[in-house]
Amino acid sequence: MFHVEQNSIMFPVYDVIVVGAGHAGAEAAAAAANLGSGTLLITMDMTKIAQMSCNPAMGGVAKGQIVREIDALGGYSGLVTDRSMIQFRMLNRSKGPAMWSPRAQSDRMRFSDEWRNLLENTPNLDFWQDRVDSLLVENGVVKGVKTQMGQEISAKTVILTNGTFLNGKMFIGEKVVLGGRMGEKRSTGITEQLVEFGFKADRMKTGTPVRIDGRTIDFSKLVEQPGDDIPGKFSYLSTPELTNQRSCYLAYTNLDVHGTLKTGFDLSPMFTGKIEGVGPRYCPSIEDKINRFSDKNQHQLFVEPEGWTTIEYYLNGFSSSLPDHVQVSALRQIPGFEKAKIFRPGYAIEYDYFPPEQLNYSLETKLISGLFFAGQINGTTGYEEAAAQGLMAGINANLKVKGQNPFILSRSEAYIGVLIDDLITKGVDEPYRMFTSRAEYRILLRQDNADLRLTEKSYRLGLAKEDRYGIMVTKREKVLQILDFLKNNSAQPDEVNEYLKSVASNELKQKTRYNQVILRPQVSFLQLIECSSELKKFVQTLEANDEILEEVEILVKYERYIEKEKEIADKLLKFEKMELKEDFDYQSLQSLSFEAREKLTKLKPASIGQASRISGVSPSDISVLLVYLGR
């Protein structure tokens with residue numbers, strides 16, 4: 001009798017298997033499939049794809065730049081955010097454009113639904129609801145996965161995006177619950193198997209606050225935070241305009257709140273040693289804040305709606321692992337929350353991660369060919385950081401299957417480049433979060449120009465499609481045309497002097513090039529257009545929108561700074577091009593410091609540039625390497 005292998009009926013041999021459907025997994029699956037790879041997305045729960053497990057928001061300082069970059073490259077996070085957001089704010093408008101950061105509150109349920117809809121309409125993408133318990137590996141090469149239901153599914157590459165599920169353990173006071181998220185089972189077996197293969201694993205911690213019944217909040221005692229009058233968006237493609245918005249609110253703790261919280265410290269797993277993992281320094285639990293900043297009488301909290309129609313609210317800044325009764329008692333001492341009822345308490349979660357020095361720039365592991373890591377498994381925190389890694393892992397898994405070189409972004413090209421370089425070069429000793437201060441080229445890496453920086457690169461890969469590329473080219477051409485006009489045409493004193501006087505800027509005594517007038521800090525390009533009939537007519541003829549005009553104004557006002565930063569980036573680029581072989585024998589160079597030899601041998605940097613950013617490798621060590629290389 002003819003025998004049919006079970007999996008030959010159930011599954012083909014996939015190009016890419018993505019394990020986990022959080023933000024990293026969703027972007028990875030979309031990227032690989034959109035590039036033509038036969039892709040399988042495996043998740044334990046199809047109803048929770050790209051779930052907002054923590055706060056219902058995307059973007060923020062530096063994180064907003066990452067979402068714009070993901071969109072510019074053809075990822076989905078920006079599109080999903082635009083389609084599900086209930087409020088938009090551009091943060092840091094009072095600072096320079098390098099610091100402007102878009103942030104949106106999302107409808108948490110609609111966000112996940114939009115993601116699932118996009119993925120289900122992505123060609124080349126299959127789904128399987130199951131738990132992956134181990135990898136199939138032969139002679140140092142990944143061959144697929146084995147699931148809880150006993151399915152052995154073959155693949156040429158595998159991307160692990162397990163989030164907080166690897167041996168996840170949740171803490172609420174003395175209560176310990178095994179799971180990857182409240183109400184969801186954890187994943188076991190993968191960590192233990194990878195450790196047997198020689199990987200180093202460690203533990204990290206994150207947390208989440210109480211969810212509150214909005215009907216029990218007295219909003220009259222809170223400070224309202226509305227969205228922008230003219231809300232922006234994340235995607236460079238055409239997405240729905242946000243015409244109605246929901247407000248967020250500010251609340252504040254006080255000494256009574258702090259005193260009540262302290263009564264639970266002796267039961268807190270943070271202070272009793274039950275939690276071994278390191279938590280995020282920049283998003284600490286409320287008990288950690290009170291303990292570390294005992295001199296402060298209050299801490300600011302953000303009250304965030306979870307969606308358009310739900311009554312559920314998220315109390316950002318009140319993350320806790322204290323006993324549930326202590327959390328509620330303290331909550332009710334915050335003005336506005338005296339009668340608060342909660343849907344669930346806050347909790348801390350501890351999980352396995354793999355120090356990211358074990359990765360190449362492509363996010364492929366050094367120990368197992370074809371195996372990629374993305375997201376919290378690499379020690380990061382945040383939806384945006386995870387999504388960026390997922391996108392890059394999906395792209396590079398596809399390129400690996402095709403036998404092509406990996407797609408790598410440098411520190412001067414994208415925040416995504418900064419993120420990945422920081423991870424594999426510096427490693428992590430706490431959950432990694434992106435900040436603008438981490439990027440040395442942040443004037444180049446603005447949120448407004450992510451498409452001009454990245455879309456053409458992605459278009460050449462085949463990820464960014466023709467429509468996206470066309471929008472970018474049109475924007476670029478119009479920006480260049482307006483810049484040329486401003487440099488070669490002059491403002492008339494009789495047209496602009498009244499405006500200049502109104503903004504306390506010196507009046508013109510003679511015709512002056514438009515770009516020189518715009519350089520004045522008091523002058524707004526949009527307002528100048530309204531004063532000059534010649535300039536207004538030219539802009540209208542081009543049909544230039546506000547996004548294009550804002551881009552032009554930034555390029556004019558910050559031209560010298562941008563040029564200077566480009567100069568520095570170009571000078572340092574030569575070090576990135578000086579390659580170091582993986583089998584380079586650093587121990588033989590006795591002129592290197594002992595620490596440098598140890599770190600370089602361990603991390604095996606791909607270039608002099610990467611070597612120079614490794615902690616413990618000094619400028620004199622780099623000089624030794626340059627002399628050895630004959631440079």
Side-chain angles (χ1 to χ4, degrees), residues 23 50 52 54-72 75-115 118 214 219 222-250 300-310 312-314 316-317 382-385 387-388 415 434 436 445-451 468 471 475 526 545-551 553-554:
H23 297 260
M52 293 182 135
C54 207
N55 63 319
M58 287 292 282
V61 177
K63 292 169 175 278
Q65 282 88 329
I66 289 176
V67 178
R68 293 281 266 173
E69 291 178 353
I70 291 170
D71 185 77
Y76 285 166
S77 289
L79 285 168
V80 172
T81 303
D82 285 357
R83 292 175 183 177
S84 62
M85 67 181 172
I86 62 177
Q87 188 197 84
F88 181 92
R89 295 180 70 205
M90 184 66 78
L91 306 181
N92 289 334
R93 272 287 191 183
S94 61
K95 300 179 181 179
M99 304 296 289
W100 297 352
S101 302
R103 185 180 190 273
Q105 294 292 138
S106 284
D107 183 309
R108 185 169 59 85
M109 291 169 283
R110 186 177 292 186
F111 186 92
S112 185
D113 286 345
E114 288 288 349
W115 252 113
L118 276 171
F219 290 98
L222 308 182
V223 180
E224 187 174 8
Q225 269 201 320
D228 288 349
D229 292 336
I230 304 175
K233 61 193 188 79
F234 281 94
S235 182
Y236 292 95
L237 297 179
S238 177
T239 52
E241 289 186 13
L242 187 61
T243 55
N244 184 34
Q245 300 187 69
R246 287 200 69 180
S247 290
C248 295
Y249 297 85
L250 295 177
Q300 185 171 261
L301 307 173
F302 298 90
V303 186
E304 303 175 353
E306 294 266 12
W308 281 117
T309 56
T310 181
E312 187 174 358
Y313 277 79
Y314 179 96
N316 198 338
Y383 309 141
E384 303 83 2
E385 291 88 345
Y415 270 92
M434 180 54 72
T436 51
L445 308 183
R446 307 181 310 277
Q447 59 83 32
D448 59 274
N449 71 348
D451 55 340
R468 182 181 292 279
I471 291 169
K475 174 182 173 180
L526 288 176
N545 59 29
D546 287 351
E547 183 183 334
I548 289 169
L549 299 179
E550 182 176 84
E551 184 73 32
E553 182 168 17
I554 291 169

query = Does some side-chain heavy atom of Gln65 sit less than 4.5 Å from a side-chain heavy atom of Leu445?
reply = no
Under the ring-ring contact (aromatic ring centres under 6.0 Å, His included) test, residues paired with Tyr236 that sit two or more places apart = none
message = Has Trp100 got a side-chain atom pairing as donor or acceptor with Lys95's backbone, closer than 3.5 angstrom?
response = yes
key: salt bridge (Lys or Arg N to Asp or Glu O under 4.0 Å) contacts touching residues 55-69 (sequence neighbours left out)   = Lys63-Glu384, Lys63-Glu385, Glu69-Arg453
query = If you take all heavy atoms of Met58 and Phe234, which pair is closest and at what distance?
reply = O-CZ, 3.8 Å
request  = Mind checking side-chain hydrogen bond (donor to acceptor under 3.5 Å, both in side chains) for Thr239 and listing every partner two or more places apart, or none if nothing turns up?
outcome  = Asp82
request  = Mind checking ring-ring contact (aromatic ring centres under 6.0 Å, His included) for Tyr314 and listing every partner two or more places apart, or none if nothing turns up?
outcome  = none
query = What closest approach, in Å, do Ser101 and Gly60 show between heavy atoms, and which atom pair accounts for it?
reply = CB-O, 3.2 Å
ask   = Checking Tyr415 side chain against Gln447 main chain: does a donor-acceptor pair fall under 3.5 Å?
value = no
request  = List for me each residue that meets salt bridge (charged side-chain N to carboxylate O under 4.0 Å, His left out) alongside Arg103, sequence neighbours excluded, and say none if there are none.
outcome  = Glu304
ask   = Do Cys54 and Tyr383 have side-chain heavy atoms sitting under 4.5 Å apart?
value = yes
query = If you look only at pairs with a residue in residues 233-244, which of them pass as a salt bridge (Lys or Arg N to Asp or Glu O under 4.0 Å), with sequence neighbours excluded?
reply = none
query = Residues in salt bridge (charged side-chain N to carboxylate O under 4.0 Å, His left out) with Glu547, at least two apart?
reply = Lys475
task = For Met109, check side chain to side chain contact (heavy atoms under 4.5 Å, CB included) against everything at least two apart and list the hits.
result = Asp107, Thr310
inquiry  = Please enumerate all residues that pass side chain to side chain contact (heavy atoms under 4.5 Å, CB included) together with Glu224, with sequence neighbours excluded.
reply    = Pro226, Ser247, Tyr249
remark   = Residues passing the salt bridge (charged side-chain N to carboxylate O under 4.0 Å, His left out) test with Arg468, sequence neighbours excluded, are Asp71
inquiry  = Check whether Tyr76 reaches the backbone of Glu114 with its side chain - one donor and one acceptor, N or O, closer than 3.5 Å.
reply    = no
Partner residues of Glu312 under the salt bridge (charged side-chain N to carboxylate O under 4.0 Å, His left out) criterion, sequence neighbours left out = Arg108
ask   = If only atom types and distance count, is the side chain of Asn55 paired as donor or acceptor with the main-chain N or O of Asn316 below 3.5 Å?
value = no
task = Can you sort out the partners of Pro231 under side chain to side chain contact (heavy atoms under 4.5 Å, CB included), two or more places apart, ordered by chain and number?
result = Phe88, Leu242, Gln245
